[in-house]
Amino acid sequence: MLLVHLILGLFGICCVVPLIMVISISFSSESAILSTGYRLLPVGLTASAYSHIFDRADQLIAAYRNSIIVTAVGTALGTAIMAGASYALSRKEFRGSLVFTFLFMFPLLFSGGLVPTYILMVRYLGLLDSYWALILPFLVNPWHVFLLRAYMQSIPQDVVESARIDGAYEAQIFTRIIVPMTSAGIAAVALLLSLLYWNDWYNALLYINDAALAPLQFWMMRVMTNIRFLLDVDTLVGGDVMMVEDLPNETARMAMVVLAAGPMLIVYPFFQRYFTKGIRVGSIKG
Amino acid sequence: MWDPLIPTDNGRVAELRLRKRSFFGRHNIEFLLLILPALAVTIVYRYLPMGGLVIAFKDYRPGIGIAASDWVGFQNFEFFFASDQVWNVTRNTLLYNLAFIVTGTVTAITFAILLYEVSSRSAVKTYQTLFLLPYFLSWVVVGIIMYGFLNARLGIANPIIERFGGTAVEWYADPRPWPGLLLFTNVWKWSGYNMIIYYAALMGIDPTLFEAAEIDGAGWFRKVFAITIPMLMPVAVVMLILSLGRIFFADFGMFFQLTQQSPLLLESTDVINWFTYRALIELRDYGMSSAIGLYQSVIGFILIIVTNWAARRMSGNESQLF
């Protein structure tokens with residue numbers, strides 16, 4: 001038993017230590033970090049890195065706004081249309097449900113891949129530098145559809161049937177009965193989906209050239225690239241680190257990570273129940 | 001199912017059941033309307049690109065579109081297979097994915113079995129919470145954290161190595177340590193998520209099985225290998241089929257972000273998806289890039305069909321994907 005806790009505890013520490021390090025550095029003073037290197041505990045406790053970021057906050061605020069818009073619209077829209085489709089797919093009396101289920105599943109087995117998708121988005125849909133280029137890719141995901149369908153299949157046929165006898169439209173049955181009864185599953189999918197949107201940088205890398213539209217993760221990636229580029233130049237010309245000092249410095253970079261990853265990590269424990277249950281239902285029935 | 005022996009509400013149930021039989025009956029039209037938005041998105045975003053795969057056989061020029069571009073037969077494939085990087089990226093992709101499947105499955109199952117031994121509910125929940133933390137971080141964030149450990153000026157790793165008498169490593173210039181680093185990071189990021197899947201399967205095992213085995217004098221290891229692992233096989237096989245179907249697809253974000261795109265590491269960190277990305281975005285070579293994509297998709301499709309068929313042959317109907 002002790003061995004069990006030892007192994008699990010050790011891995012648990014591995015999971016949490018990097019985060020502690022990031023938070024510690026973000027609350028350390030820049031000069032202390034530069035003289036001692038990164039540490040696991042804050043040296044010279046201060047919040048100056050955060051005030052430093054917020055002093056020049058225009059880009060950060062824009063990046064936050066972009067991420068929030070994309071995450072909110074994408075999650076709401078995606079959850080709604082996937083839930084609607086899942087309700088139809090979950091009903092045996094829906095003629096054609098097998099064909100449609102297959103249509104949703106097949107892209108898991110075979111896909112067009114990067115280039116045709118890129119050409120479709122850029123040339124035929126004209127979505128370069130548009131929020132929709134960031135929203136469309138995750139909007140409908142076969143896994144989420146199957147997860148919701150599994151939840152909805154568990155609702156007894158009698159419930160649906162009795163509502164039909166009372167003359168309800170399917171859309172009414174869906175919104176008044178099915179959605180409230182499967183709210184746990186819908187919450188799980190909304191959480192999974194919002195995580196996909198919030199953590200996305202790949203679609204921005206492909207479709208966003210306008211810096212004003214960059215979402216948070218993509219903006220961070222750009223900052224890292226710039227720092228690295230200047231450091232390379234710096235070592236090449238053998239100069240001191242003067243150029244680098246204008247950039248978000250060591251502590252500010254970690255403060256940036258805290259601000260980007262923080263919202264998800266703070267929200268998640270409140271929804272952990274839905275989340276773990278969602279993974280389970282999805283893996284067993286889906 | 002409708003049971004004619006149960007009295008119906010003045011026959012309207014029977015009437016409804018008759019009406020819905022038609023594909024274009026009232027209820028079916030309503031179902032179709034509900035499914036339409038998601039279906040439209042799927043057709044546009046997932047099916048149209050499949051048609052676009054024809055550009056693998058074309059000399060695509062963005063100015064004139066797909067239809068007007070010239071056919072060039074297998075020329076794009078020749079370019080790809082003639083490139084000296086094709087062997088390297090294919091080997092890296094396959095080996096990394098195989099190693100990820102093996103290490104990922106073994107650690108996830110081990111953690112699930114260990115967690116099953118923990119009886120306190122709050123301890124179980126705490127471990128789950130901790131193990132899932134990495135799952136919530138984007139590869140960008142993980143890349144920055146890794147940079148915090150490894151960077152040459154301030155990183156934590158080199159001072160520790162030096163304290164134990166080793167020599168400092170130029171992490172972002174030396175490809176040799178990277179297979180190990182990537183393997184570890186992959187396990188670190190996904191173990192929690194996969195553990196929950198296996199743990200859920202464990203919770204479904206009838207506990208009397210273990211009690212019976214105990215009465216027969218089975219020890220802990222005996223129970224694990226005779227009951228737990230066989231009971232986990234159906235789930236493991238499904239996960240295996242899925243990952244084998246993706247074996248030619250690398251987790252692009254991982255390789256791209258963790259290495260900080262350092263060109264010095266490509267020998268051991270370049271993968272097919274990254275190669276495709278460079279061919280498209282940097283070289284603007286649409287033809288070759290989509291030829292690689294088609295090669296990936298077709299092999300992935302064949303693998304998933306074959307493994308699914310093999311799983312069905314070996315273990316009956318319980319552990320197959322479709």
Side-chain angles (χ1 to χ4, degrees), chain A residues 4 7-8 12 14-16 18-19 21-22 37-38 81-82 84-85 87-88 93-96 100 104 107 109-120 123 136 139-140 164-165 169-171 174 199 201-202 217 220-221 224 228 250 257 260-261 264-265 268-269 272 276 279-280 283-284, chain B residues 9 12-13 16 20 23 27-28 30-31 34-35 37-39 41-42 45-46 48-50 52-53 55 62 111 114-115 117-118 127-131 133-134 136-138 140-141 144-145 148 154-156 159 188 193 196-197 200 235 245 253 260 276-277 280 286 289-290 293 296-297 301 304:
Chain A
V4 168
I7 297 171
L8 292 177
C14 280
C15 292
V16 80
L19 293 174
M21 185 192 81
V22 167
Y38 291 153
I81 67 177
M82 284 195 286
Y87 169 59
E93 62 273 24
F94 173 31
R95 304 232 16 209
F100 290 119
F104 280 109
L109 311 180
F110 189 82
S111 63
L114 173 65
V115 184
T117 312
Y118 180 82
I119 292 173
L120 170 82
R123 184 187 154 89
L136 183 61
L139 213 45
V140 175
R164 266 184 214 142
I165 291 168
Y169 290 104
E170 294 301 331
F174 169 63
N199 277 348
W201 49 274
Y202 180 62
Q217 308 287 340
M220 279 203 304
M221 184 190 139
M224 279 300 283
R228 213 183 42 249
E250 301 298 331
V257 169
M264 271 299 156
L265 294 177
Y268 149 68
Q272 190 185 353
T276 44
I279 300 177
R280 275 179 221 160
S283 66
I284 291 169
Chain B
D9 176 31
R12 286 182 65 194
V13 172
L16 277 171
K20 96 206 157 207
F23 188 78
H27 284 279
N28 231 52
E30 289 176 35
F31 281 134
L34 277 170
I35 211 172
L39 195 64
V41 168
T42 303
Y45 188 73
R46 312 238 179 225
L48 290 186
M50 290 183 200
L53 278 171
I55 62 172
F111 287 154
L114 293 178
L115 194 65
E117 296 295 315
V118 176
Y127 283 131
Q128 284 184 342
T129 309
L130 288 178
F131 285 22
L133 285 177
F136 284 87
L137 305 175
S138 72
V140 180
V141 165
I144 296 177
I145 295 175
L154 301 164
I156 287 179
W188 177 78
Y193 187 86
I196 288 178
I197 293 175
V235 180
Q260 301 296 331
T276 321
Y277 168 81
L280 174 68
Y286 291 92
S289 191
S290 57
Q296 268 182 310
S297 289
F301 183 68
I304 211 165

Qualifying residue, where the test is side chain to side chain contact (heavy atoms under 4.5 Å, CB included) with B/Leu137 and the options are A/Asn199, A/Val22, A/Leu265: A/Leu265
Report which part of B/Leu39 has an atom under 4.5 Å of a heavy atom belonging to chain A: side chain, backbone, both, or neither. both
For B/Gln128, the side chain to side chain donor-acceptor pair (under 3.5 Å) test, sequence neighbours excluded, returns none
How close do A/Ser111 and B/Leu53 get, heavy atom to heavy atom, and via which atoms? O-CD1, 4.0 Å
Within the distance-only criterion (no hydrogens, no angle test), does the side chain of B/Ser297 pair as donor or acceptor with the backbone N or O of A/Phe110 below 3.5 angstrom? no
Out of B/Ile144, B/Val41, B/Val118, return the one with the most heavy atom pairs under 4.5 angstrom to chain A. B/Ile144
Listed partners of A/Glu170 passing side chain to side chain donor-acceptor pair (under 3.5 Å), at least two apart: A/Tyr87, A/Arg164, B/His27
Top of A/Tyr202, A/Phe104, A/Phe174 for chain B proximity - count of heavy-atom pairs under 4.5 angstrom: A/Phe104
Side chain, backbone, both or neither: which part of B/Phe111 has a non-hydrogen atom closer than 4.5 Å to chain A? both
Under a 4.5 Å heavy-atom cut-off, does chain A meet the side chain of B/Pro37, its backbone, both or neither? both
Contact origin within B/Gln296 toward chain A - heavy atom pairs under 4.5 Å: neither
Going from CD1 on A/Ile119 to OH on B/Tyr286, what distance comes out if it is rounded to the nearest 0.5 angstrom? 6.0 Å
What is the minimum heavy-atom distance between A/Val4 and B/Glu117, and which atoms define it? CG2-CB, 4.3 Å
Could you tell me which portion of B/Ile55 (side chain, backbone, both or neither) has an atom closer than 4.5 angstrom to a non-hydrogen atom of chain A? side chain
Assert top hit (heavy-atom pairs under 4.5 Å, partner chain B, pool A/Leu114, A/Ile7, A/Leu136) equals A/Leu114
Do B/Thr42 and A/Phe100 come within less than 4.5 Å of each other through their side chains, counting heavy atoms only? no
In terms of heavy-atom pairs under 4.5 Å with chain B, which of A/Ala88, A/Cys15, A/Gly12, A/Gly84 leads? A/Cys15
What part of A/Leu8 is in contact with chain B, defined as an atom under 4.5 angstrom from a non-hydrogen atom: side chain, backbone, both or neither? both
Find the one option among B/Thr129, B/Ile145, B/Thr276, B/Leu133 whose heavy-atom pairs under 4.5 Å with chain A are most numerous. B/Thr129
In the structure I gave you, are the side-chain heavy atoms of B/Trp188 and A/Pro18 within less than 4.5 Å of one another anywhere? yes
Chain A shares the most heavy-atom pairs under 4.5 Å, among B/Val140, B/Val141, B/Leu130, with B/Val140
Audit row: B/Tyr45, A/Leu139, side-chain contact (heavy atoms from CB on, under 4.5 Å) steps and yes/no: CA-CA 9 Å; B/Tyr45 188 73; A/Leu139 213 45; over 6 Å; no
For chain B, which of A/Ala85, A/Ala171, A/Gly113 has the most heavy-atom pairs under 4.5 Å? A/Ala85
Highest number of heavy-atom pairs under 4.5 Å with chain A: which of B/Pro159, B/Gly52, B/Gly293? B/Gly52
Using a 4.5 angstrom heavy-atom cutoff, name the option from A/Met21, A/Arg123, A/Met264, A/Gln217 with the most pairs to chain B. A/Arg123
Just so I know, are the side chains of B/Arg46 and A/Val140 near enough to count as touching, which here means a heavy-atom distance under 4.5 Å? no
